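Bear in mind the structure is a predicted one, so any value in this text is a computation, not a measurement. The analysis underlying the following values was restricted to heavy atoms, covering all of them including side chains, and did not include hydrogens, waters or symmetry mates.
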Amino acid sequence: MSLIYYPIIVSLFAIAFVYFLATQIKKAPVAGDKAIAITAAVQEGAMSYLKRQYKTISVVGVILFVLLFFLGWKIAIGFLIGAVLSGVSGFIGMIVSTQANTRVAEAARKGLAKALDISFKGGLITGLMVVSLGLLSVSGYYFLTGIEGLIALGFGASLISVFARVGGGIYTKAADVGADLVGKVEKGIPEDDPRNPAVIADQVGDNVGDCAGMAADIFETYAVTTVATMILGSLLYPRSPQFIMLPLILGSVAILASIIGSFFVRLGKKESIMGAMYKGVAATVILSAIAFYPVISKLMAGSAIPVLSLYLSTLVGLVIAVGMFVITEYYTSKSYGPVKSIAKASETGHATNIIRGLGLGMQSTAMPVLLIAFGTIISFWLAGIYGVALAVMAMLSISGIVVGVDAYGPITDNAGGIAEMSGMPEEVRKITDALDAVGNTTKAVTKGYAIASAGLAALVLFSAYSEKVNVGGFSQFVLNDPKVIAGLLIGGLLPYLFASFLMGAVGKTAGKVVEEVRRQFKNIPGLMEGTAKPEYGKCVDIVTKAAIKEMMLPALLPIAAPILVGFILGPQALGGLLIGSIVTGLFVGISMTTGGAAWDNAKKYIEGGAFGGKGGEAHKAAVTGDTVGDPYKDTAGPAINPMIKVLNIVALLIVAFLI
């Protein structure tokens with residue numbers, strides 16, 4: 001049997017397993033009484049937003065599809081496949097989340113183990129669907145058309161991912177910030193209190209931002225990394241097709257390892273939720289590491305690079321993945337010093353909380369960047385730039401289980417909201433709170449994993465761009481060339497400019513939500529007393545319209561910038577832009593995602609009873625820090641992942657016109 005059939009078969013098997021998981025979740029009982037109306041409102045709001053978002057994106061997509069058709073039908077169709085499947089990944093993530101959350105809330109009545117089982121399975125559906133669709137699309141299109149249209153497939157996936165991350169991020173954090181500032185700070189009511197008019201918009205935001213946006217993001221990163229490694233293999237070793245096939249085969253092996261690893265997610269005697277998650281991840285990493293060697297030995301025997309060097313490169317990628325998990329958990333978990341230091345700083349006021357949080361975010365970049373730097377050097381030493389690409393591919397190959405751990409977070413967050421709003425017993429809320437607290441850390445950990453893999457994937461894309469520029473007769477990029485320096489500076493600027501647009505959009509939209517929530521508390525008699533019902537739809541409408549409007553400019557920035565720089569200043573300047581954006585993008589992305597998560601968990605640490613607990617002055621300062629950290633960790637920071645890859649993909653698409 002031809003090797004190309006294996007990734008296609010494994011992808012279809014994974015999709016069948018996802019269907020099996022979905023039927024299991026559907027059989028679980030849903031929460032009744034008041035929870036039915038709340039769940040329906042969240043589902044309706046999420047579906048309405050995604051329809052409007054995709055309708056807006058489709059206009060841009062159609063224009064680009066027509067333009068790309070002039071470059072060849074394979075490129076145009078590849079773009080269409082990548083865009084559609086990235087959108088489908090986000091849509092599936094949202095559907096699963098909105099159906100699982102009410103079942104998790106109901107399962108919490110039966111204990112922690114049952115609630116964990118359903119919430120993790122819900123997340124795993126999204127994770128396995130993302131990687132199986134990514135592998136199926138890349139391997140299937142390569143099987144049908146060869147390598148020519150693959151970069152456009154990556155471009156389609158990246159474009160949708162940017163819009164999904166930007167739009168969903170603006171939506172979720174504007175609603176969250178608006179709800180917290182009036183509800184917690186001004187009115188002193190609990191999180192997810194049904195009296196808060198913004199609470200449904202906040203619940204919807206968890207799904208369209210953390211689930212739909214994250215799923216589209218990881219699908220894009222997975223597909224683009226696979227494509228970039230394949231293209232690099234074809235450029236470096238044009239007479240050795242096994243270098244093109246290797247990333248597809250490794251992806252197939254890791255999907256099977258993720259499925260097996262998921263069965264290890266079980267509560268132990270200590271009932272450690274994080275420990276249960278890590279057992280699944282550890283099993284997947286170990287199984288992948290064991291299985292990679294015989295696969296590489298058989299496929300790459302007699303190739304230009306020794307088998308052992310290729311295998312060790314994959315181990316480097318797995319070590320970087322594990323290292324990112326450990327480092328990010330240290331900086332974002334309530335169990336360790338960094339988060340406790342922010343909580344301690346809250347005792348002396350809002351300003352000291354902000355100062356400490358900003359400083360911690362900056363500090364948190366050091367270890368990940370050093371890890372990435374050493375990993376890049378070692379894998380390059382082992383197998384050249386192809387070794388670096390293989391390390392990134394190995395790192396991303398375990399995305400199925402990693403996304404499962406991530407997507408579990410918003411499901412449990414929503415489950416807690418449903419439990420609170422529908423008046424479920426206190427013991428139910430304790431279980432959902434315990435699940436949600438771990439969810440905050442798992443979301444932070446996987447965002448650290450995502451930005452590290454995005455930076456490395458962009459580096460691989462740059463290597464492919466560099467190879468094509470050199471083939472065109474241009475010399476290497478040198479720092480005594482003023483155009484390269486100009487490109488570096490412009491590229492370094494872009495992540496900051498991009499993040500500033502998103503932070504501004506969240507701030508502006510959150511301000512409108514605050515005004516609306518204040519208006520309702522003032523003008524609706526009995527709202528604060530709980531005898532009147534808030535107008536939830538008003539806040540949902542505000543954030544929906546604002547997110548659609550505000551996402552356009554930042555999402556188009558990474559498309560326009562490389563085209564302008566490439567055609568005005570030339571391919572050397574564009575090469576500088578790509579490297580500059582990767583370097584600053586890594587730092588901005590890590591500092592925002594980690595710093596924001598640390599602010600969030602510092603607030604939760606205080607709410608657990610430290611430094612005066614809920615309602616105290618330290619808590620009020622921590623809520624302020626959390627509202628600053630929200631757009632950091634859930635809007636601007638994660639959106640930098642697809643942004644830096646879109647820059648590189650657009651550069652690859654236009655390089656033929658520049659040389």
Donor-acceptor check, side chain of [X] to backbone of [Y], threshold 3.5 angstrom: yes or no?
X    : Y    : answer
N648 : I644 : yes
S591 : M362 : no
Y632 : D626 : no

Measure across [X] and [Y] and return the closest heavy-atom pair with its distance rounded to 0.1 Å.
X    : Y    : answer
P562 : L557 : CD-O, 4.4 Å
S119 : L116 : OG-O, 3.0 Å
S453 : T221 : OG-CG2, 3.9 Å
V224 : S158 : CG2-OG, 3.5 Å
T225 : A457 : OG1-CB, 3.3 Å

For a 4.5 angstrom cut-off between non-hydrogen side-chain atoms, does [X] reach [Y]?
X    : Y    : result
S89  : M129 : no
Y171 : Q53  : no
M324 : P368 : yes

* **From CA spacing to verdict: side-chain contact (heavy atoms from CB on, under 4.5 Å), L489, L493** => CA-CA 6 Å; L489 292 172; L493 157 73; over 6 Å; no
* Quick one: CG on D436 to CD1 on I273, what's the gap to the nearest 0.5 Å? ->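 Here the interatomic distance stands at 10.0 Å.
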* Asked: Angle class for the Y449/F325 ring planes (parallel below 30°, perpendicular above 60°, tilted otherwise)?
  ->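 Y449 and F325: perpendicular rings.
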* To do: Please find out if less than 6.0 Å separates the ring center of Y408 from that of F120.
  =>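 Ring-ring flag for Y408/F120: false, centres at least 6.0 Å apart.
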Could you tell me whether [X] atom [atom1] has more than 12 heavy atoms of other residues or ligands within 6.0 Å of it?
X    : atom1 : result
F91  : CZ    : no
K344 : NZ    : no
M367 : CE    : no

* To do: With V646 as reference, evaluate S581, S161, P558 under the side-chain contact (heavy atoms from CB on, under 4.5 Å) test and give the passing residue.
  =>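 For V646, the side-chain contact (heavy atoms from CB on, under 4.5 Å) check succeeds only for P558.
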* Of the options N414, I431, I411, which is the one that meets V104 in a side-chain contact (heavy atoms from CB on, under 4.5 Å)? ->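 With V104 as partner, side-chain contact (heavy atoms from CB on, under 4.5 Å) holds for just one option, I411.
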* Is any NZ, NE, NH1 or NH2 atom of the basic residue among K620 and E617 found under 4.0 Å from an Asp or Glu carboxylate oxygen of the other? ->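 Answer for the salt bridge query: yes.
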